[in-house]
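Numbers here are sequence positions counted from 1. What you see is a predicted model, and the numbers here were worked out from it, not measured in a lab.
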Amino acid sequence: MIEQQSADQKRPPVTVVGLGPMGAALANAFLDQGHPTTVWNRSPGRADSLVARGAHLAGTIAEAVSASPVVVVCVKDYDAVYGVLAPAADALSGRVVVNHSSGTPKQAREAVDWADRHGVEYLDGAIMVPPFAVGKPDSVFLYSGPRAVFDAHRVTLETMGGPRYLGADPGLAVLYNTALLGLMYASMNGFLHAAALVGTAGVGAETFSEIALDWFAPDVVVRYLRAQASEIDKRNFPGTLGTMEMNLTALEHIVHTSAEQGVDAELPALLRAHAQRAIAEGYAGNNYLAMFEVLSKAGPRP
């Protein structure tokens, strides 16, 4: 099932299963680039606008997967994947499933076992952009699984966005996705807490963002982390420019200032607790990035 990739060949057919906002965006991207596109959804009414653009609405899931060598799935979670595809297991044999549904690395590996039992080639994927950015070359889509499957169907993958291959371990894409979302939420909460602090002095979030987001985040935080990433890999955390104890003092000030200003102090208190734990575990004289060692181990249950 190697796809023709030369410019003078027709785009290969594709089936999209699941037409929530993201699934519909995927289907629209395929239609935009001239892929013969079959769609299927439990609620067929969601396909109306796609059918108006030329998509074929399959009457059954078996008909849908039989229409294309590649079946792109975008549903709620892995249980939903099995619930949708199981009735069409026989029709799936010999085809490729590209799964963009949410879950865990363990579930991704279990999905490979399910696919193997049914004679299905499988790629696990993670979409790292909102629906409106689907179809743009610079939109990041992460994939893990067999390299040969990724390479053979790159034309289809590139239609959705910029595909990045992470490795053969099928759990890598969803693991990256979870890690990046964790970074996103931590970063957003950090900004929102900081904006709440300066907001007590009448400073608006937009005004604060000119320093916090235009300068401090990219030029101080991101630049420092990028420069030190290799040192994290080496587990090298010298305290010559600042120790964990010094950082604990700063965190104490954030906690107390939050309380003084009437702003919720739970987030900085959690950060302070982690610094205290790092010191208790022997990292008092190391720099703050030694927190990596603390976070790499399971802590006390909440």
Side-chain angles (χ1 to χ4, degrees), residues 1-41 47 49-50 53-56 58 64-75 81 85 92 94-103 108 111-112 115 120-181:
M1 295 186 298
I2 303 299
E3 295 179 357
Q4 298 295 327
Q5 297 192 27
S6 62
D8 59 349
Q9 296 289 333
K10 289 180 62 177
R11 294 278 182 167
V14 64
T15 291
V16 178
V17 174
L19 298 178
M22 187 61 76
L26 298 176
N28 274 307
F30 289 124
L31 291 168
D32 289 342
Q33 294 300 316
H35 289 264
T37 304
T38 298
V39 296
W40 185 89
N41 194 72
S49 63
L50 296 166
R53 297 196 60 211
H56 169 67
V65 303
S66 299
S68 312
V70 176
V71 179
V72 175
V73 183
C74 187
V75 292
V81 172
L85 295 184
L92 275 171
R95 304 181 192 279
V96 175
V97 168
V98 182
N99 181 25
H100 295 107
S101 306
S102 299
V112 173
V120 177
E121 294 183 301
Y122 181 88
L123 280 179
D124 209 85
I127 304 171
M128 304 311 303
V129 295
F132 64 79
V134 168
K136 298 180 180 179
D138 57 351
S139 295
V140 175
F141 282 60
L142 306 176
Y143 294 101
S144 53
R147 181 70 196 230
V149 177
F150 175 85
D151 288 341
H153 298 281
R154 190 165 191 131
V155 169
T156 296
L157 302 179
E158 287 177 343
T159 299
M160 295 181 282
R164 299 195 185 187
Y165 179 73
L166 301 177
D169 179 354
L172 279 172
V174 71
L175 183 62
Y176 263 68
N177 177 64
T178 303
L180 290 169
L181 289 177

Query raised in the report: Shortest non-hydrogen contact from Val39 to Ala47?
Result: CG2-CB, 4.0 Å
Requested in this report: Scan for salt bridge (Lys or Arg N to Asp or Glu O under 4.0 Å) pairs involving residues 169-179, sequence neighbours excluded, and state none if there are none.
Outcome: Arg109-Asp169
N/O donor-acceptor pairs under 3.5 Å from side chains in residues 19-33, not counting sequence neighbours:
unit_1, atom_1, unit_2, atom_2, d
Asn28, OD1, Arg53, NH1, 2.7
Asn28, ND2, Ala24, O, 3.1
Asp32, OD1, Arg53, NH1, 3.1
Asp32, OD1, Arg53, NH2, 2.5

Query raised in the report: With a cut-off of 6.0 Å (strictly less than), are more than 12 heavy atoms of other residues, nucleotides or ligands near OH of Tyr176?
Result: no
Report task. Considering non-hydrogen atoms only, spot the tightest contact between Gly171 and Ser144 and give its length. Result -> N-OG, 4.1 Å
**Report entry** Test log, rule side-chain contact (heavy atoms from CB on, under 4.5 Å), inputs Asn177 and Met128
**Finding:** CA-CA 7 Å; Asn177 177 64; Met128 304 311 303; 3.3 Å; yes
Query raised in the report: Would you say Met160 and Ile127 make side-chain contact, with heavy atoms under 4.5 Å?
Result: no
Report summary line: Residues Tyr143 and Pro163: closest non-hydrogen pair is CE1-CB, 3.7 Å
Report summary line: Scanning both residues in full, the closest heavy-atom pair of Ala64 with Thr38 reads CA-CG2, 4.0 Å
Query raised in the report: Which pair of heavy atoms, one from Pro146 and one from Leu123, lies closest together, and at what distance?
Result: O-CD2, 3.9 Å
Requested in this report: Using a 4.5 Å cut-off on heavy atoms from C-beta on, say whether the side chain of Ser102 contacts that of Val174.
Outcome: no
Query raised in the report: Taking all atoms of both residues into account, what is the closest heavy-atom pair of Val65 and Leu85, and its distance?
Result: CG1-CD2, 4.4 Å
Query - Rounded distance (nearest 0.5 Å) linking atom CG of Leu175 with atom CG of Asp124 - result: 11.0 Å
Query raised in the report: Do Thr156 and Val98 have side chains that get closer than 4.5 Å, going by heavy atoms?
Result: no
Report task. Sequence neighbours left out, what pairs pass salt bridge (Lys or Arg N to Asp or Glu O under 4.0 Å) with at least one residue falling in residues 127-146? Result -> none
Side chains of residues 66-75: which donor-acceptor pairs under 3.5 Å do they make with residues two or more places apart or in other chains?
unit_1, atom_1, unit_2, atom_2, d
Ser66, OG, Ala62, O, 2.7
Ser68, OG, Val14, N, 3.4
Ser68, OG, Val14, O, 3.3
Ser68, OG, Thr15, N, 3.2
Ser68, OG, Thr15, OG1, 2.8

Query - All ring pair (Phe, Tyr, Trp, His ring centres under 6.0 Å) counterparts of Tyr165, not counting sequence neighbours - result: Phe150
Query raised in the report: Would Thr37 and Leu50 satisfy side-chain contact (heavy atoms from CB on, under 4.5 Å), going step by step from the backbone distance to the final call?
Result: CA-CA 9 Å; Thr37 304; Leu50 296 166; over 6 Å; no
Query - Arg147: partners by salt bridge (Lys or Arg N to Asp or Glu O under 4.0 Å), with sequence neighbours left out - result: Asp151
